[in-house]
Amino acid sequence: MLNKQSIRSLIIVIATMLYANGISHAEGLPPLTHKLTKINKSIMAPALRLKNMDDEIVDIKDLQGKVVVVNFWATWCPPCRREMGSLERLRLATKDKNVVILAVNIGEDIETVFPFMGTVDPSPSFTVLFDPDADSMKRWNVNGLPTTYIIKPDGTVAYSAVGGREFDHPDIQQKTINLSR
Amino acid sequence: MKKIIIAAAISFYSLSCFADIAQTPQVNPVTGAATWEINEHGVNLSLTQILPQQAQAFYVNRGFTLKQIESYTSSCVYMAVLRNDNAPGTIHFIRKNWSVLVDGKSHHLLSVDDWLQRLTETNIKKSALIAFRWAQFPSEQKYEPGGDWNQGMLSVGLPPGSVFNLIARWDIDGKPYETKLQEVYCAK
């Protein structure tokens, strides 16, 4: 038979468990994960040749020898927005490790993207590319935003991730760094 | 204390299971939008109401006029989330295989291409159509276990105030699975 103190303790423990369960549903946001899917087949990364914020062409072919994180996103996409800060933290954690991040914006222009980047914390310094006609989506087999691929220095695809991720998670950071060795 | 924690864990687990079976929608206290959610076969599926005004605001900001997007925003739109938490393999779904049950009758959802076909007839800016296309819940997708997921807009094509069941279907290496969200109601 439980006494008053035990009942009180039981209520506190249940309440704590319910609150913890509710955290992931705070504001109705699905949780970001940190798992990457390893691509076991040897698949060359598709072509990617787009303009950056300075209107200069960036071609992924010129980045061979580096690890390239290619992230497809848009400002109106909630999980894309949520993971932007973690992409910058990944960049900061790997900046001396021969890793390049390319954030391929789908369907928007600099007037839309530039103000949004000003709201991201920490402020991103990775390369943003513009695909206004969304031509790269089919070529890269992207069926939803965000989708991310990590490319090895030899140009083959190492990992994929469908949906938002915590890119600053130690697992993702370590996998990215390991590719650069 | 140990007995209390065990009793609490049993209570919490029981409540969680009941919540999944009862599918009582959670209502956002700020917006009033309801969310239905189910976890089955290692897959999480949820639908959150997008109120017509919210949908209108989103698409007007993408470059639509209110008139151009009216047929879509008044068609009972949700934010759908599908996530492979720990299914026994890669899940593969094709959205056109999903169905909606209303008053005992089943009908399939309009595809993204169906909507694009309707919208291109009203002379809309290309950038707005691109945003529309990619804001939709995917037409077909694969999710690896451990957290691949997407969220996107899903119109069930029903008038405001309708009540329906959504049946979502996917396969793992050809083996079919399905789950059902019950008594989902459209915002008025």
Side-chain angles (χ1 to χ4, degrees), chain A residues 2 5-18 20-22 24-25 27-39 72-80 82 106-109 112 131-135 137 141-147 159-166 171, chain B residues 1 3-13 15-16 19 26-28 30-31 33-35 37 44 46 48-49 58-59 61-63 79 81-85 90 93 95 112 126-152:
Chain A
L2 295 174
Q5 188 161 354
S6 299
I7 291 172
R8 203 175 294 130
S9 301
L10 179 64
I11 289 170
I12 289 169
V13 172
I14 292 176
T16 304
M17 285 181 167
L18 286 170
N21 187 49
S24 70
H25 298 289
E27 302 177 42
L29 299 177
L32 298 184
T33 60
H34 59 265
K35 187 167 185 277
L36 298 176
T37 299
K38 192 164 194 276
I39 307 298
F72 294 87
W73 73 288
T75 64
W76 47 257
C77 154
C80 305
R82 287 170 65 200
I106 297 300
E108 298 179 299
D109 54 25
T112 304
D131 184 358
D133 296 327
D135 291 332
M137 298 285 272
N141 196 29
V142 175
N143 295 316
L145 298 178
T147 296
Y159 297 104
S160 70
V162 176
R165 291 297 192 271
E166 302 168 38
D171 281 356
Chain B
M1 189 61 186
K3 284 183 185 173
I4 290 169
I5 290 172
I6 291 169
I10 293 169
S11 305
F12 174 73
Y13 178 71
L15 283 170
S16 301
Q26 295 182 350
V27 179
N28 185 306
V30 174
T31 64
T35 297
E37 185 173 4
N44 179 283
S46 70
T48 298
Q49 288 176 330
F58 177 86
Y59 286 109
N61 277 320
R62 306 283 84 76
M79 180 59 68
V81 177
L82 188 68
R83 193 174 67 242
N84 185 347
D85 285 326
T90 307
F93 75 86
R95 208 178 95 163
V112 177
K126 189 178 180 186
S127 59
L129 286 171
I130 288 173
F132 178 89
R133 162 72 182 89
W134 294 109
Q136 302 311 299
F137 191 70
S139 298
E140 183 171 356
Q141 186 63 291
K142 288 183 182 177
Y143 298 132
E144 300 291 331
D148 267 358
W149 68 289
N150 276 132
Q151 72 180 67

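In what follows, chains are A, B, ... by sequence order, proteins preceding strands, each numbered from 1.
- Heavy-atom distances place no part of B/F137 under 4.5 Å from chain A, backbone and side chain included.
- The main-chain N or O of B/A131 is never found under 3.5 Å from a side-chain atom of A/W76 such that the two would form a donor-acceptor pair.
- A/R165 has a carboxylate O that lies under 4.0 Å from a charged side-chain N of B/D148, or vice versa, which qualifies the two as a salt bridge.
- For the atom pair CG of B/N150 and OG1 of A/T147, the computed distance is 6.0 Å after rounding to the nearest 0.5 Å.
- Between A/C77 and B/W134 there is no side-chain heavy-atom pair separated by less than 4.5 Å.
- One finds the OG1 atom of A/T33 at 12.0 Å from the CD atom of B/E144 (value rounded to the nearest 0.5 Å).
- When all heavy atoms of A/P79 and B/W149 are compared, the pair lying nearest together is CB-CH2, 3.6 Å.
- Looking at heavy atoms from C-beta onward, B/Y143 lies in side-chain contact with A/V162 at the 4.5 angstrom threshold.
- Between chain B and the options A/A74, A/G163, A/A161, the largest number of non-hydrogen pairs under 4.5 Å is found for A/G163.
- Considering OG1 of A/T75 and CG of B/N61, their distance stands at 9.5 Å, rounded to 0.5 Å.
- Annotation for B/P138 and A/G144: closest pair CG-CA, 4.3 Å, computed over non-hydrogen atoms.
- Annotation: side chain of B/S127 is not in contact with side chain of A/E108 (no heavy-atom distance under 4.5 Å).
- Using a 4.5 Å cut-off between heavy atoms, A/D109 does not touch chain B at all.
- Of the residues listed (B/K142, B/Q141, B/E140), the one engaging A/N143 in a side-chain contact (heavy atoms from CB on, under 4.5 Å) is B/Q141, and it is the only one.
- Ranked by non-hydrogen atom pairs under 4.5 Å with chain B, the options A/G164, A/A134, A/P78, A/S160 are led by A/G164.
- Between chain A and the options B/S46, B/A33, B/P145, B/G152, heavy-atom pairs under 4.5 Å are most frequent for B/P145.
- Residue B/Q136: no heavy atom, backbone or side chain, is found under 4.5 Å from chain A.
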